[in-house]
Asker: 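Here it is, the structure, as structure tokens.
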Amino acid sequence: MVNGWNVEAFHDKRNRRLLHLKKQDIYYQLNEKDEKFVTLLKNNEINAVSIAAIAGYFLKLHPVWWIVIMAVIYGAYLWFFNAKVLPKLSTVKNKKIEKKLEKSSSSKSTLFFGIGFFVIAIGLVLCIFLDQVQNDFEMYMVIGFSIFAFVMGAMQVRKYFSTRTIKA
């Protein structure tokens, strides 16, 4: 069974878009439609958690149901990808497949994303200080998401400064 951690999508030197299953060392050729399914597979965990948290919060479900919703969404998409999408992909012989080196970009968008994550983290912490959370569970969720936002912001800012080239 293939999950998002075991796959890698890239362009090779022949300019083909390929999917690499790391553990099995198998390559598949992707078209635009299949590439969208691979992107969903790579983000399946965060999508399942997000949808379950949103649905559970607004429907005022017990946290156990959040986990059940998350597991159902994650499992359903994992089954869909492995049963419906992966068998339709054409395999590529892995003789001398080389990744095309992509230029690292020091795009300012990564800096803006980082600053945006910091702003979200600060806003979430302010929710605690301004008494906008109503019970302990919400407070723990706010603390957890603010830590997540701060870490994501730090990663984006670090990425921006590590790929930036200084012109003399």
Asker: To the closest 0.5 Å, what do you measure between CD1 (I67) and NE2 (H62)?
Answerer: 9.5 Å

Asker: How many angstroms lie between atom OH of Y74 and atom CD1 of I51, to the nearest 0.5 angstrom?
Answerer: 14.0 Å

Asker: Does the side-chain contact (heavy atoms from CB on, under 4.5 Å) test come out yes or no for D12 and V92, once each step is laid out?
Answerer: CA-CA 11 Å; D12 70 344; V92 177; over 6 Å; no

Asker: Using only atom types and a distance under 3.5 Å, with no angle test, would you say the side chain of W65 pairs donor to acceptor with the backbone of G56?
Answerer: no

Asker: Is the shortest heavy-atom distance from the side chain of Y27 to the side chain of T91 under 4.5 Å?
Answerer: no

Asker: Report the C-alpha distance between Y28 and L18 in whole Å, list the side-chain angles of each, state the deciding distance to 0.1 Å, and finish with yes or no for side-chain contact (heavy atoms from CB on, under 4.5 Å).
Answerer: CA-CA 6 Å; Y28 294 97; L18 299 177; over 6 Å; no

Asker: Checking N43 side chain against T39 main chain: does a donor-acceptor pair fall under 3.5 Å?
Answerer: yes

Asker: In terms of hydrophobic clusters joined by side-chain contacts under 4.5 Å, are V119 and I147 together?
Answerer: no

Asker: Q29 versus L89: any side-chain heavy-atom pair under 4.5 Å?
Answerer: no

Asker: Can E35 and R17 be counted as an ion pair, charged N to O under 4.0 angstrom?
Answerer: yes

Asker: Say you draw a straight line from CD of Q156 to CZ of F113; how long is it, rounded to the nearest 0.5 Å?
Answerer: 7.5 Å

Asker: Say you draw a straight line from CG of N47 to CG of L40; how long is it, rounded to the nearest 0.5 Å?
Answerer: 6.5 Å

Asker: Looking at L30, is its backbone amide N or carbonyl O close enough to the side chain of D34 to form a donor-acceptor pair, meaning the two atoms are under 3.5 Å apart?
Answerer: no

Asker: Rounded at 0.5 Å granularity, tell me how far CG in N44 sits from CE in M70.
Answerer: 10.0 Å

Asker: Let me see the working for W79 and K84 under side-chain contact (heavy atoms from CB on, under 4.5 Å), right down to the final yes or no.
Answerer: CA-CA 8 Å; W79 171 82; K84 303 290 183 186; 3.9 Å; yes

Asker: Verify the cluster assignment for M1 and Y77: are they in a single hydrophobic cluster under the rule of side-chain heavy atoms below 4.5 Å apart?
Answerer: yes

Asker: Crowded around E32 CD? As in, over 12 foreign heavy atoms under 6.0 Å?
Answerer: no

Asker: Taking side chain as C-beta onward, heavy atoms only, is F137 less than 4.5 Å from M141?
Answerer: yes

Asker: Please find the pair of heavy atoms, one from S146 and one from A121, that lie closest to each other, and give the distance.
Answerer: O-CB, 3.6 Å

Asker: Is the side chain of E138 donor-acceptor paired with the backbone N or O of Q134 at a distance under 3.5 Å, no angle test?
Answerer: yes

Asker: Is any side-chain heavy atom of L21 closer than 4.5 Å to one of D25?
Answerer: no

Asker: Do N82 and N3 come within less than 4.5 Å of each other through their side chains, counting heavy atoms only?
Answerer: no

Asker: With side chains defined as the heavy atoms from C-beta onward, is the minimum distance between W5 and E45 less than 4.5 Å?
Answerer: yes

Asker: Return yes when atom CZ of R158 has more than 12 non-hydrogen atoms of other residues, nucleotides or ligands closer than 6.0 Å, and no otherwise.
Answerer: no

Asker: Hydrophobic clusters here meaning ILVMFWY residues chained together by side-chain heavy-atom distances under 4.5 Å, can you tell me if V133 and V125 are in one?
Answerer: no

Asker: Atom CG of N6 and atom CG of L41: how far apart are they, to the nearest 0.5 Å?
Answerer: 9.0 Å

Asker: My understanding is that only residues two or more places apart in sequence, or in another chain, count here; which of them pass ring-ring contact (aromatic ring centres under 6.0 Å, His included) with F37?
Answerer: F80

Asker: Can you check whether V7 reaches K22 side chain to side chain, under 4.5 Å on heavy atoms?
Answerer: no

Asker: Are I143 and W66 linked, directly or through intermediate hydrophobic residues, by side-chain heavy-atom contacts shorter than 4.5 Å (ILVMFWY only)?
Answerer: yes

Asker: Does I120 belong to the same Ile/Leu/Val/Met/Phe/Trp/Tyr cluster as F145, with side-chain heavy atoms less than 4.5 Å apart forming each link?
Answerer: yes

Asker: What is the minimum heavy-atom distance between A9 and V38, and which atoms define it?
Answerer: CB-CG1, 4.4 Å

Asker: Can you classify the ring geometry of F118 versus F150 as parallel (below 30°), tilted (30 to 60°) or perpendicular (above 60°)?
Answerer: tilted

